[in-house]
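Quick note: numbers below take in every heavy atom, side chains included, and nothing from hydrogens, waters or symmetry partners.
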Amino acid sequence: MPYQRITLTHFLIQEQRRLGGSGSFTGLMTDIVFACKMIAHEVNRGALAGNLGLAGSENVQGEEQKKLDVLANDIFMQMNSRGGNYGGMASEELEDVHAVTGAAEGKYLLLFDPLDGSSNIDVNISVGSIFSILRLPDGASCVDEATYLQQGVQQVAAGYALYGSSTMLVLTTGNGVNGFTLDTNVGMFLLTHPDMTIPADTKEFAINASRSRFWEPPVRRYVDECLAGKEGPRGKDFNMRWVASMVAEVHRILCRGGVFLYPADAENMKKGGKLRLMYEANPMAFIVEQAGGGASTGRTRIMDLKPTHLHQRVPVILGSKTEVDKLVAYHAEADGK
Ligand code: AHG
Ligand code: MN
Ligand code: MN
């Protein structure tokens, strides 16, 4: 019964009261919720709406854009420009930062990956959207990239939408993590996963093993030990998963534990890794830490990194605390620390 559950709007109002805020946070999220509902609709329509396949263009990172990458980016930008909450935005799909015209009162910045895991679109596997909300410092300019280059610890809120077998929105405002499922009959997100917590221990890991020949020694050591199972140093059998959609992997980890790795390796090292700091690694690190997990490059806590550029890539290791700590220890050992 939908009326027996807390709606996302009511949840936000409660949070607002708890924090003694002015109501702007509910406004910030309302725009994002509309955008995610619209993207969910387009993803769900798939081939019926002619939404599959390539757009015929490349983004700033030299990646081929899918039609839905472009559409999701347009939806995110349009929906979040109207409420006047955001002074500026940055997206995986936009080379430069974007100042919102006519939003002089906007006190926040929105950084997002409009469609994550887009290699999965054409094969009907889960994709998602990731967002990070930062404060716009007084007097800072929304056309200046430096304004957006804030550390992960400065995030006001972060979340993702998962367009999977059901559509979900998972959110943190720095007070734990809560998950809401879209009830398509009434068009509302309802609280279904209160206070999500990641178990500290796990028997499941996720890494793209096709890259194993490029791995650094600490990553290789960790995976080898997992693969050795009961007979190996870990003394237990591990399970492996790889969806190739970070949103889906993080969601699985929030639901049942696990560790996710997209490390820097010999092939991607020059670029810094694969995943982008500002709109993939930082928001996911915030969510995972708020759920009791860990998030590190292997050498530094992700949210402590000082960003150097908007589309900066970083190594990502996140999930169950014990496993992340072990990986950090293996990196330190390999570095002779
Ligand atoms: P995006 O679709 O936004 O470019 O991100 C894809 C990312 C991430 O979601 C996923 O974990 C990873 O790239 C998949 O990489 P592989 O293709 O190496 O599996
Ligand atoms: Mn992505
Ligand atoms: Mn993307």
Side-chain angles (χ1 to χ4, degrees), residues 8-9 12-13 16 21-43 45 49 51 55 57 59-61 65-116 118 127-150 154-161 163 167 169 171 173 180 182 187-189 247 276 278-280 282-283 310-311:
L8 177 56
T9 309
L12 292 170
I13 292 167
Q16 192 90 41
S22 62
S24 66
F25 191 73
T26 311
L28 294 184
M29 281 308 305
T30 305
D31 293 344
I32 291 178
V33 167
F34 279 141
C36 293
K37 280 189 202 171
M38 283 185 188
I39 297 170
H41 175 68
E42 294 296 343
V43 168
R45 295 265 298 149
N51 282 340
S57 50
N59 66 15
V60 57
Q61 311 174 52
Q65 290 176 306
K66 302 271 185 171
K67 283 185 200 163
L68 270 174
D69 282 323
V70 176
L71 185 56
N73 189 62
D74 288 350
I75 292 173
F76 234 86
M77 292 193 59
Q78 289 281 334
M79 295 312 297
N80 288 292
S81 295
R82 293 188 190 138
N85 298 300
Y86 299 102
M89 296 180 198
S91 160
E92 176 188 336
E93 306 302 339
L94 296 177
E95 181 161 1
D96 298 315
V97 299
H98 169 83
V100 177
T101 42
E105 72 279 22
K107 300 261 185 312
Y108 296 89
L109 303 168
L110 177 62
L111 291 82
F112 57 95
D113 175 354
L115 208 66
D116 174 68
S118 50
V127 289
S129 304
I130 310 172
F131 58 89
S132 165
I133 301 175
L134 299 171
R135 246 182 216 100
L136 172 61
D138 283 344
S141 159
C142 290
V143 294
D144 185 358
E145 182 175 312
T147 303
Y148 298 71
L149 300 182
Q150 302 180 27
Q154 292 176 270
Q155 292 173 100
V156 174
Y160 63 79
Y163 314 116
T167 293
L169 203 132
L171 176 70
T173 57
F180 303 81
L182 182 62
M188 288 195 292
F189 279 103
V247 169
R276 280 60 52 111
M278 302 308 295
Y279 41 79
E280 290 178 320
N282 264 341
L310 193 58
H311 299 291

Practice item. From the options Leu169, Thr9, Thr173, select the one residue that forms a side chain to side chain contact (heavy atoms under 4.5 Å, CB included) with Met29. Key: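 For Met29, the side chain to side chain contact (heavy atoms under 4.5 Å, CB included) check succeeds only for Leu169.
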
Review point. Considering the options Cys36, Ser81, Ser91, which one meets the side chain to side chain contact (heavy atoms under 4.5 Å, CB included) requirement together with Phe76?
Key: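 Only match with Phe76 under side chain to side chain contact (heavy atoms under 4.5 Å, CB included): Cys36.
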
Pairwise distance [atom1]([X]) to [atom2]([Y]) - rounded to 0.5 angstrom:
{"X": "Leu71", "Y": "Glu93", "atom1": "CG", "atom2": "CD", "answer": "11.5 Å"}
{"X": "Tyr86", "Y": "Leu134", "atom1": "OH", "atom2": "CG", "answer": "10.5 Å"}
{"X": "Met89", "Y": "Leu110", "atom1": "CE", "atom2": "CG", "answer": "5.5 Å"}
{"X": "Asn80", "Y": "Thr30", "atom1": "CG", "atom2": "OG1", "answer": "10.0 Å"}
{"X": "Gln155", "Y": "Gln150", "atom1": "CD", "atom2": "CD", "answer": "9.5 Å"}
{"X": "Tyr279", "Y": "Asp116", "atom1": "OH", "atom2": "CG", "answer": "11.0 Å"}

Check your understanding: Between Asn85 and Asp31, do the side chains contain an N or O donor and an N or O acceptor separated by less than 3.5 Å?
Key ->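 Per modelled atom types, Asn85 and Asp31 side chains form a pair under 3.5 Å.
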
So which atom in [X] and which in [Y] form the shortest heavy-atom distance, rounded to 0.1 Å?
{"X": "Val70", "Y": "Ala55", "answer": "CG2-CB, 3.8 Å"}
{"X": "Val97", "Y": "Cys142", "answer": "CG2-O, 3.7 Å"}
{"X": "Phe131", "Y": "Pro283", "answer": "O-CB, 3.4 Å"}
{"X": "Leu182", "Y": "Gly187", "answer": "CD1-C, 3.9 Å"}
{"X": "Thr147", "Y": "Ser141", "answer": "OG1-O, 2.6 Å"}
{"X": "Thr167", "Y": "Ala40", "answer": "OG1-CB, 3.7 Å"}

Review point. For Val247 and Tyr163, what are the C-alpha separation, side-chain angles and deciding distance, and is it a side chain to side chain contact (heavy atoms under 4.5 Å, CB included)?
Key: CA-CA 9 Å; Val247 169; Tyr163 314 116; over 6 Å; no

Counting C-beta onward and ignoring hydrogens, is there a side-chain heavy-atom pair between [X] and [Y] closer than 4.5 Å?
{"X": "Ile130", "Y": "Glu280", "answer": "yes"}
{"X": "Tyr108", "Y": "Leu136", "answer": "no"}
{"X": "Phe34", "Y": "Ile75", "answer": "no"}
{"X": "Leu12", "Y": "Leu171", "answer": "yes"}
{"X": "Phe180", "Y": "Met188", "answer": "no"}

Practice item. Evaluate the criterion side chain to side chain contact (heavy atoms under 4.5 Å, CB included) for residue pair Met38 and Gln78; output intermediate values, then yes/no. Key: CA-CA 11 Å; Met38 283 185 188; Gln78 289 281 334; over 6 Å; no

Check your understanding: Between the main-chain N or O of Leu68 and the side-chain N or O of Glu42, is there a donor-acceptor pair closer than 3.5 Å?
Key ->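 Side chain of Glu42 to backbone of Leu68, a donor-acceptor pair under 3.5 Å: no, none is there.
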
Check your understanding: Would you find a donor on one side and an acceptor on the other, under 3.5 Å apart, between the side chain of His311 and the backbone of Leu94?
Key ->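 A pair under 3.5 Å: yes.
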
Review point. Taking it one step at a time, do Ile133 and Leu28 satisfy side chain to side chain contact (heavy atoms under 4.5 Å, CB included)?
Key: CA-CA 9 Å; Ile133 301 175; Leu28 294 184; 4.0 Å; yes

